[in-house]
Structure formats: C-alpha cells, structure tokens
Amino acid sequence: MSSGWTLSVDRDALQFFLGVSGRDRSKLLDQLDTLVREPHQSCDFLETSPNRRDYNVKLMGRFQVTYWLEPEKIVRVVRISRIKGN
C-alpha cells in the first residue's frame, strides 16, 4: 500500500547515486523506499542552510542522505537534495 508520498531526487544526488556500485545502489534504493513509506521517521541530525531551511540528514549505511519533506495537500514529496559517501 502506498504511503501517499513521492520521491524526488535533485540532479546532483542522482548523479552521485548513478556513480556508486550496483550493490550500493540497490541497498540505497531499498533504504530510500523505506524513507518514502515512513517519511516521518527520526533523522540522525539536522542541517540548517544559509537561508535557514532545516534539512533532515539520515545515515544510510556508508551514505549520508540530505532531504526535506514537502507535505502539500495534493502531492506529498520526500525531496532528496544530496547524497554523500562516508
């Protein structure tokens, strides 16, 4: 059953995702699917941008995923803005 949330990935995060090994991509995709199913799970820490927007940061194995939630009435989006390797 769908949680009603959609995944959106910014270009830089997508390029990083496509550059990792197939095994890492598969694990990361599974973890992103879990995040979309349960978007309000606790994050590991917050980052605040210069424009004072708070971003959630979730550690996913060797990766650090930065995202925020857009809970609009029609489309609810988990927007991935950055993925980094540890």
Side-chain angles (χ1 to χ4, degrees):
M1 175 179 262
S2 170
S3 68
W5 288 81
T6 300
L7 178 66
S8 174
V9 181
D10 290 355
R11 181 182 178 92
D12 289 344
L14 180 61
Q15 285 181 322
F16 180 91
F17 177 80
L18 293 173
V20 300
S21 72
R23 184 179 197 176
D24 282 338
R25 243 187 344 262
S26 180
K27 287 179 183 179
L28 193 52
L29 189 56
D30 287 344
Q31 292 171 322
L32 292 174
D33 284 342
T34 299
L35 180 61
V36 172
R37 282 193 310 274
E38 303 168 20
H40 295 289
Q41 60 184 279
S42 297
C43 63
D44 292 296
F45 59 94
L46 293 174
E47 281 185 1
T48 303
S49 70
N51 66 352
R52 298 182 189 222
R53 169 174 252 181
D54 285 334
Y55 290 84
N56 298 309
V57 180
K58 186 87 171 156
L59 301 176
M60 296 182 173
R62 298 184 320 108
F63 303 102
Q64 178 178 311
V65 176
T66 304
Y67 65 98
W68 75 92
L69 304 179
E70 295 181 10
E72 300 298 325
K73 292 180 181 178
I74 297 174
V75 178
R76 297 182 296 172
V77 178
V78 176
R79 184 173 303 278
I80 307 298
S81 61
R82 183 175 59 210
I83 302 173
K84 295 191 315 189
N86 290 338

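W68 CH2 to S8 OG: the interatomic distance, rounded to the nearest 0.5 Å, is 8.0 Å. A distance of 10.0 Å separates CZ of R25 from CZ of F63, quoted to the nearest 0.5 Å. Distance check: T6 OG1 to R76 CZ gives 9.0 Å after rounding to the nearest 0.5 Å. The line from CD of E47 to CZ of R82 is 4.5 Å long, rounded to the nearest 0.5 Å. Within the model, atoms CE of M60 and CG of D44 stand 9.0 Å from one another, a figure rounded to the nearest 0.5 Å.
Put simply, the side chain of V78 does not reach to within 4.5 Å of the side chain of L32, judged on heavy atoms. Annotation: side chain of V57 is in contact with side chain of T66 (closest heavy-atom distance under 4.5 Å). A 4.5 Å side-chain heavy-atom check between Y55 and C43 finds every atom pair outside the cut-off. With a 4.5 Å cut-off on side-chain heavy atoms, F16 and V20 count as touching.
Judged by distance alone, the side chains of K58 and Q31 never bring a donor and an acceptor atom under 3.5 Å apart. Neither side chain, S26 nor R23, offers a donor N or O lying under 3.5 Å from an acceptor on the other.
Placement of L14 and L28 within a single hydrophobic cluster is found when ILVMFWY residues are connected by side-chain heavy-atom separations under 4.5 Å, directly or transitively.
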>> Walk me through whether D10 and R79 qualify under side chain to side chain contact (heavy atoms under 4.5 Å, CB included).
In response: CA-CA 7 Å; D10 290 355; R79 184 173 303 278; 3.9 Å; yes
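Partner of L35 under the side-chain contact (heavy atoms from CB on, under 4.5 Å) criterion, chosen from I80, L69, N56, L7: I80.
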